[in-house]
Amino acid sequence: MASRTNKKYKWALDFSTRRSSQDIASPPGFNPAVGQAHTEASKENDPSHLIIKKSWELALAPLKQVPMNLFIMYMAGNSISPFPIMMVGMLLIRPFKALFTLQSTFKMIEGNHAIMQKLVYFLGNIVGMLLALYKCQSMGLLPSHSSDWLAFIDPPVRLEYSGGGISLA
Amino acid sequence: MMARHLNLFIFMPQVFIILFSIFTVSQCLYEDQVGKFDWHQSFIGKLKFAFGDASGKRAIVATELNVVAALSLKTGNILWRHILEKDPQTNILFLSPTSSGEALVVTGGPKPLVRAFDPINGALAWEWTLPSTFPFDRILWAVSTEKLYALSLNEGEDFVVQQFNIRTGSQTSKWKTIVPWVHKSKCVPSRDLLICHSGKTLHTIRFSQKDAKPYPVELGQPIAQIESVKSGEKAGVFVDLSNLESGPSSQVVLFSDQGQTSVKCKPLSSPARWVFFDSVGESNIILQMVQRDEKLSIVTSDCISGNKIEESTGGVKYPADLGPPHVESVVCGSNHDMASCRLLINSPDQAITLVQYSGKVLWSREEALAQISAVEMMDLPVSDKDAAIEKEFDSKEAGVLGMFGRRLVSQALQAQHLLQTVFGLHDPIQPAGQRADLVRDDFGLHKMIVVATKAGKLFGLDNLNGEIIWQKALVNVDTRSMQLFIQRTTRHGPFPAQCLLLLKDKISKESILYTFNPITGEGSRRSLGYRVLQAMPLPVVDEESLRPILFLDSSEKVHIEPQSAISLVDPLASNTYMYVADPVTGVMTGYTLAQSTSERLVASRVWEVVFQPETQTIQSVVGKSPQERVHSQGRVLGDRSVLYKYVNPNLVAVVTQGTDTVHKYVLNVYLLDVVSGAIVFSISHKRAREPIHLVHTENWVVYTYFSEKWRRTEIAAIELYEGKTQSNSGTFSSLIAPVQPMVERQSYILPAMVQSMSPTITEKGITSRHILVGLANGAVLEVPWIFLDPRRPVTVTPEMREEGIIPYMPELPIPTESVINYNKTLPQISGIHTAPSGLESTSLVLVYGLDLFYTRVAPSKTFDLLKEDFDPFLISMVLIGLGLASYTTKRLASRKALKQAWK
């Protein structure tokens, strides 16, 4: 009980223990709810909460980039010139790198939502990569057409041999 | 929508970049590159007339190729050269010095002209026309004191003399003299006399005088031939006597001015060539060229007594079987010293040689090179060092230890070589008759150009400077249907390279084979004993790496060269086809060797295509080059699908020229499969006529013709495609009915006259093909295929733009930077030979005609070579410097860090 009152009236100086606390009105401007709110905040400062929050931020980061990437993609256009290529390269390399460093990133993710967060993070990167691939496709960088394999076609072997010309006689 | 606009904006500059790069792709040179990759040699052709001008410094010559030129007697170089009209009927009929020193030239043809050129600078002094009704084949020409005489001989009846003022061309007088003994082939003019022979008698008459009297001279022996004496003090003739008992002999007969008195010199055993007048002894000296074994020596003797005065001690090297040389002119110094005389000799192999009286050769010009009919470029053999390395990998049966041993030996040899070169002890030991510098280079750019000429002379030229390495004159040959084959290249180890030249005997018209080593020129001649109708190299080589060649003779029998290769044909026979096109009958016949056995080759007819000779005549039959490789099997379209090429190796293009009552000229082009005899495609151009030049490679055909309707040269392109799918990607057979190809075609205007056309060729066919067009104005134009592309659209869709096709414009540009011979005009181009080099990007080009021009082109730029200004020394120095600097700074930094730590 004492701890509770202590908590409730932090600034109360109790000169007479016999006096009931309810008897005296609070000084002007004093809001007993402040203490309450403070208690709530300190509740949120709970490390596990923070970890979960941070982890979510981390997990959602790739997905949050998607709209920005879409905008960059739109601005870059479909022509093959150095800047769009660099942009597409960035788009492609970032999720790739992220996927390769998945283990170290997952070490940072803790808490009870970890599985979910890992999954979201992974999917976010996959989405980023798909976007980059889509961009490559629309720029014509993917070997998806028969023309891309044309250089590897060997010339057909001729079955008949012929020769001759205008009569020499 | 926005994105689309954005794309277009980004794309438009690309179109310009492509267009711009097309123009710059073609080889354009910087001024300091002139002559670095190319060389140019000028010729005049076979000598017809010549005289030495008064200064004794130059000889004025006129040739069979309608060239009038002045040759420096000091060096043999051309001082000036005029190429007169090239027309089948136009030819130079007469060349003579005038009394004022100009060179007077009479040309016949549809527009006969008399021209006089200044001998020093070649400027035209005057020119006038002759009536075109002149009977030029019956006229003899003579010049005498400001007068030109035309003697038209009416055989056995009379001759008409027309006298012209040499400068104005006005006819001053004309008269007829009735004499029964005139005959064009039996008469020659000498000074003012017309000298004819009949039987054993020489008749002379002074033609420059009206009502002159003829005088006969009896020689006592039948006369075979007479030739005019152009020198000395008197008119005269060299007479070839044919005596049945003592064999042929020769005599010189000289006449007085009126022809009434004659001096008969003593008969000589070998023909006299020239007459000198010795003013001191008042005697005539006769010059002869006497052949002994392989040498010619100059002999002079007195006319009357026949005593030998002098004989040259040296002697000019001259093949024994070549035929007699002809002394065109003798130019002497001013001091009348015989020793200062120089003889201009024209030999039957079309070489012009200037020989000192003492027998020393001053210079020689090989004019046979002005008429080339076949060219091949051969790789040079590898150097000894490289040959040793190649030998190491030659025998595969040696075990691991053996190979290791050989490797050690060759490494030791290489080390020894290296040491010798470093210390300058190296003395190159080359095979006999081969020069040390004639070895293959790293990029395969150094080659031997093997040339066969119409004169029957073969040459081996160094492609880097055009120097003649070897030459060989073949005599008594008919070179009209000459074919040159490579039987073995230089890449086959111990065996030397071998070429085969197929030509015909001049008299019997039977085929002759000349087999020779293209690097040294040594070879042997062999008569086949039959007339070859067509020849075909086989696609295989025998155990000596020699490519056998099949010959189909006029009785449709098949022969093989070498004979031993008959066993090689057996497995191939059922798939081997030959065809012959006869322009006379208009029949094209296909043969198969399927019925051959392992002992005997049999050709049986399988198909026949008749081009009715009444309506059309076969002009040319153009197949694909057997060297050519097609790297890309299709063409990428704008939507990134593939249009597969129809690459039929058995396809030939047949060009026929027909006459039609309505359209006058009709040009037909047929694409014919020579295995099945099927006509794959045909096209007809109305009112189109010769000259027709056709290029047939990969899946396209390009040809030029003259459009009668618009009176301009047009160039047409046909492209064949299989379609969006390939029917059979593994093999190609003409017999398993291939799909009818899609045909794209288009024609363009080429604002120039075309004389020759040829595609560039590279080793692997990766580099894009350009077409080299030799123009009548002497330029060789490099036209990128993209300009002739039949798919060039009139209205451009974005997809087409994506594909890189430029919009259709009827007229092809002739940018000066695409002229590969820059300011070196090449007259009368008759052919362009292209050959691959060791570099994929580079194609070697020899343009021939009256001149020779060699260069190299890189249609897709030299993507496989470092730039000219790349400095490996500087770069390696910078790298080494940076490496050293980083090492020293590292040391310094570590020292500093150590010092810091102690503080």
Side-chain angles (χ1 to χ4, degrees), chain A residues 65-92 127-128 130-169, chain B residues 2-3 6-7 10-11 14 481 483 502 504 509 511 531-539 550 552 554 572 575-584 590-591 618 620-621 623 626 629-634 636-637 640-642 647 649-650 652 674-675 726 728-736:
Chain A
Q65 273 179 0
V66 166
M68 187 61 195
N69 285 353
L70 275 172
F71 182 70
I72 289 174
M73 274 163 61
Y74 164 70
M75 287 306 287
N78 279 346
S79 66
I80 313 280
S81 40
F83 274 97
I85 291 282
M86 273 160 64
M87 286 173 183
V88 171
M90 293 281 280
L91 289 184
L92 203 59
V127 167
L130 284 177
L131 266 179
L133 284 177
Y134 169 74
K135 186 68 190 165
C136 284
Q137 158 81 15
S138 56
M139 281 173 84
L141 292 177
L142 293 186
S144 53
H145 289 80
S146 53
S147 60
D148 301 314
W149 305 98
L150 185 64
F152 302 99
I153 300 177
D154 286 324
V157 180
R158 64 192 284 188
L159 291 182
E160 295 97 8
Y161 293 94
S162 60
I166 285 193
S167 167
L168 302 176
Chain B
M2 177 66 193
L6 202 70
N7 279 354
I10 296 169
F11 197 75
Q14 277 187 339
S481 55
Q483 285 202 317
L502 175 72
K504 280 193 279 188
K509 300 284 175 203
S511 295
R531 287 184 195 187
V532 170
L533 218 54
Q534 254 311 328
M536 170 192 169
L538 278 181
L550 288 177
L552 182 72
S554 46
L572 289 172
N575 292 326
T576 305
Y577 295 81
M578 283 183 92
Y579 71 96
V580 178
D582 188 347
V584 182
Y591 300 88
I618 299 176
S620 58
V621 177
R629 297 234 188 113
V630 184
H631 179 74
S632 178
Q633 293 306 307
V636 183
L637 300 184
R640 301 180 65 206
S641 61
V642 178
V647 187
N650 305 315
V652 299
V674 290
V675 166
Q726 212 170 8
N728 186 349
S729 59
T731 55
F732 186 91
S733 169
S734 294
L735 295 175
I736 310 163

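Just so it is clear, the structure is predicted and the values come from calculations on it, not from any experiment. To find a chain, count down the sequence lines: A is the first, B the second, and so on, and within it residues start at 1.
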Pairs of heavy atoms under 4.5 Å with chain A: top-ranked of B:His631, B:Gln633, B:Lys504: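 Sorted descending by pairs with chain A, the first entry is B:Gln633.
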
Largest heavy-atom contact set with chain A, pairs under 4.5 Å, which of B:Leu572, B:Val621, B:Val630, B:Thr731: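 Ranked by heavy-atom pairs under 4.5 Å with chain A, first place is B:Thr731.
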
Euclidean distance, B:Gln726 CD relative to A:Leu150 CG, rounded to 0.5 Å: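 One finds 8.5 Å between CG of A:Leu150 and CD of B:Gln726.
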
Can you tell me which portion of [X] sits under 4.5 Å from chain A's heavy atoms? Options are side chain, backbone, both or neither.
{"X": "B:Val532", "value": "both"}
{"X": "B:Leu502", "value": "side chain"}
{"X": "B:Thr576", "value": "both"}
{"X": "B:Pro583", "value": "side chain"}
{"X": "B:Ser511", "value": "neither"}

If you take all heavy atoms of [X] and [Y], which pair is closest and at what distance?
{"X": "B:Ser641", "Y": "A:Ser146", "value": "CA-OG, 4.4 Å"}
{"X": "B:Phe732", "Y": "A:Pro156", "value": "N-CB, 3.9 Å"}
{"X": "B:Asp582", "Y": "A:Ser167", "value": "CA-CB, 4.3 Å"}
{"X": "B:Arg640", "Y": "A:Gln137", "value": "NH1-O, 4.5 Å"}

A:Ser162 side-chain N/O to B:Tyr577 backbone N/O, donor-acceptor pair under 3.5 Å: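 Answer holds: no.
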
Donor-acceptor contact below 3.5 Å, side chain B:Gln534 vs main chain A:Ile166: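 Looks like yes, one N/O pair under 3.5 Å.
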
Pairing residues for B:Pro626 by the side-chain contact (heavy atoms from CB on, under 4.5 Å) criterion, not counting sequence neighbours: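 Applying side-chain contact (heavy atoms from CB on, under 4.5 Å) to B:Pro626 gives none.
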
Check: B:Arg531 and A:Leu168 side chains under 4.5 Å, non-hydrogen atoms: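 Contact flag for A:Leu168/B:Arg531 side chains = no.
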
Any B:Val636 side-chain heavy atom under 4.5 Å of A:His145 side chain: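 The answer is no; the side chains never approach within 4.5 Å.
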
No-hydrogen, no-angle side-chain donor-acceptor test under 3.5 Å, A:Arg158 and B:Asn650: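 Their side chains do contain a donor-acceptor pair, which is all the 3.5 Å distance test asks for.
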
